[in-house]
Amino acid sequence: MLTLQHIRKTYPGVVALDDVSLQILDGEVHALLGENGAGKSTLIKIIAGAISPDSGSIDFDGESFPRMTPQLALEKGVSVIYQELNLCQPLTVAENIFLGRPQTKLYSQKKVNALAQEIFDEYGFDLNPGARVMSLSPAQQQMVEICKGISCNARVMIMDEPTSALATHEVELLFRAIE
């Protein structure tokens with residue numbers, strides 16, 4: 001489904017990635033491990049289209065791209081949950097999950113809450129769709145970010161250190177959702 005071939009990225013005075021290749025098939029789970037400065041975040045940003053590689057190619061379902069853009073990554077089904085949370089604090093949990101999606105005449109707070117609750121029920125997340133994000137713990141906010149990715153039916157979901165703010169039981173929920 002997703003293949004990166006010979007990816008190279010340099011910054012002034014630093015080689016962040018040098019000849020990196022990776023293949024991901026449907027249904028697989030991968031962990032990207034390395035020390036600080038090893039290029040993990042750079043690779044994630046290249047897949048998401050946030051930055052461009054200096055060389056190499058990215059293939060989705062056999063279609064090759066020299067670089068991704070955020071829009072193209074979204075169209076191809078890439079969802080990235082960054083370590084730094086990206087939520088609108090005054091909005092509710094459900095509003096954050098579906099923020100930026102095209103709305104129809106049928107849009108209502110009740111419907112958005114029900115859609116969010118379906119995700120929570122399916123994955124065992126204990127969240128209130130009507131709660132304001134600013135009232136949640138950092139771990140609960142991380143779970144909202146994860147639900148955002150789940151809600152858009154991502155084909156590739158990349159999580160940058162998703163367990164760093166989670167308690168043990170929340171880590172177990174996350175791993176069950178990934179499975």
On a heavy-atom basis, which atom in S57 and which in S64 lie closest, and how many Å separate them? CB-OG, 3.7 Å
Using 0.5 Å steps for rounding, measure from the CD atom of E118 to the OG atom of S151. 11.5 Å
Can you name the nearest heavy-atom pair linking K40 to L32, along with the distance? CD-O, 3.6 Å
Heavy-atom nearest pair, P129 first then A116, reads CB-CB, 4.0 Å
Is the number of heavy atoms from other residues, nucleotides or ligands under 6.0 Å of E35 CD greater than 12? no
Any chance you could measure I146, atom CD1, to M157, atom CE, to the nearest 0.5 Å? 8.5 Å
For residues V29 and F175: do they belong to one hydrophobic cluster (side chain heavy atoms under 4.5 Å, members Ile, Leu, Val, Met, Phe, Trp, Tyr)? yes
In chain order, what residues pass the salt bridge (charged side-chain N to carboxylate O under 4.0 Å, His left out) check against D54, with sequence neighbours excluded? K9
Any side-chain heavy atom of F120 within less than 4.5 Å of one from M143? no
Report yes if some heavy atom in the side chain of V144 is under 4.5 Å from a heavy atom in the side chain of L136; otherwise report no. yes
Residues, nucleotides or ligands: over 12 heavy atoms within 6.0 Å of D121 CG: yes
Applying side-chain contact (heavy atoms from CB on, under 4.5 Å) between I51 and each of I44, L43, T42, report the one that passes. T42
Does the side chain of V171 come within less than 4.5 Å of T168's, by heavy atoms? no
Check whether any side-chain heavy atom of L91 lies under 4.5 Å from a side-chain heavy atom of Q89, and answer yes or no. no
Residue pairs passing the salt bridge (charged side-chain N to carboxylate O under 4.0 Å, His left out) test where at least one lies in residues 63-75, sequence neighbours excluded: E63-K76
Quick one: does E122's side chain have a donor or acceptor within less than 3.5 Å of a partner on I119's backbone? no
Hey, are N113 and Q109 close enough side-chain-wise for a donor-acceptor pair under 3.5 Å? yes
Could you state whether V78 and I24 fall into the same hydrophobic cluster, counting links through intermediate Ile, Leu, Val, Met, Phe, Trp or Tyr residues with side-chain heavy atoms under 4.5 angstrom apart? yes
For the CG atom of N96 and the SG atom of C147, what is their distance to the nearest 0.5 Å? 11.0 Å
What I'd like to find out is whether the side chain of F60 reaches to under 4.5 Å of the side chain of L72, using heavy atoms alone. no
What residues form a side chain to side chain donor-acceptor pair (under 3.5 Å) with N36, not counting sequence neighbours? none
Once rounded to the nearest 0.5 Å, what's the spacing between atom OH of Y82 and atom NZ of K45? 7.0 Å
Honestly curious: do L74 and M1 fall in one hydrophobic cluster under the side-chain, below-4.5 Å linking rule? no
Given the rule in the side-chain contact (heavy atoms from CB on, under 4.5 Å) test, do I58 and L2 qualify, once you have shown the distances and angles that lead to the verdict? CA-CA 7 Å; I58 303 168; L2 171 63; 3.8 Å; yes
Kindly work out whether a path of hydrophobic side-chain contacts (I/L/V/M/F/W/Y, heavy atoms less than 4.5 Å apart) joins F98 to V133. yes
Pairs where residues 133-162 contributes a residue and the test salt bridge (charged side-chain N to carboxylate O under 4.0 Å, His left out) is met, not counting sequence neighbours: D26-R155, D61-R155, E145-K148
How many angstroms lie between atom SG of C88 and atom CE of M134, to the nearest 0.5 angstrom? 10.5 Å
Compile the donor-acceptor pairs under 3.5 Å between side chains in residues 11-22 and protein atoms, sequence neighbours left out, one pair per line.
| from | atom 1 | to | atom 2 | distance (Å) |
| --- | --- | --- | --- | --- |
| D18 | OD1 | R8 | NH1 | 2.7 |
| D19 | OD1 | H6 | ND1 | 2.6 |
| S21 | OG | H6 | N | 3.0 |

Can you name the closest pair of heavy atoms from I46 and S52 and give their distance? CG1-C, 4.5 Å
Please examine the side chains of I158 and I81, heavy atoms only from C-beta on, and report whether any two atoms are closer than 4.5 Å. no
Testing Q117, Q140, Q141 for side-chain contact (heavy atoms from CB on, under 4.5 Å) with L127, which one passes? Q140
Partner residues of Q23 under the side chain to side chain donor-acceptor pair (under 3.5 Å) criterion, sequence neighbours left out: none
With the 4.5 Å side-chain cut-off for hydrophobic clustering, are V156 and F65 part of the same group? yes
In this structure, CD of Q142 is separated from CG of L87 (nearest 0.5 Å) by 9.0 Å
Taking the side chain as every heavy atom from C-beta outward, state whether I97 and L115 have any pair of such atoms under 4.5 Å apart. no
Can you find a heavy atom in the side chain of I47 that is under 4.5 Å from one in the side chain of L4? yes
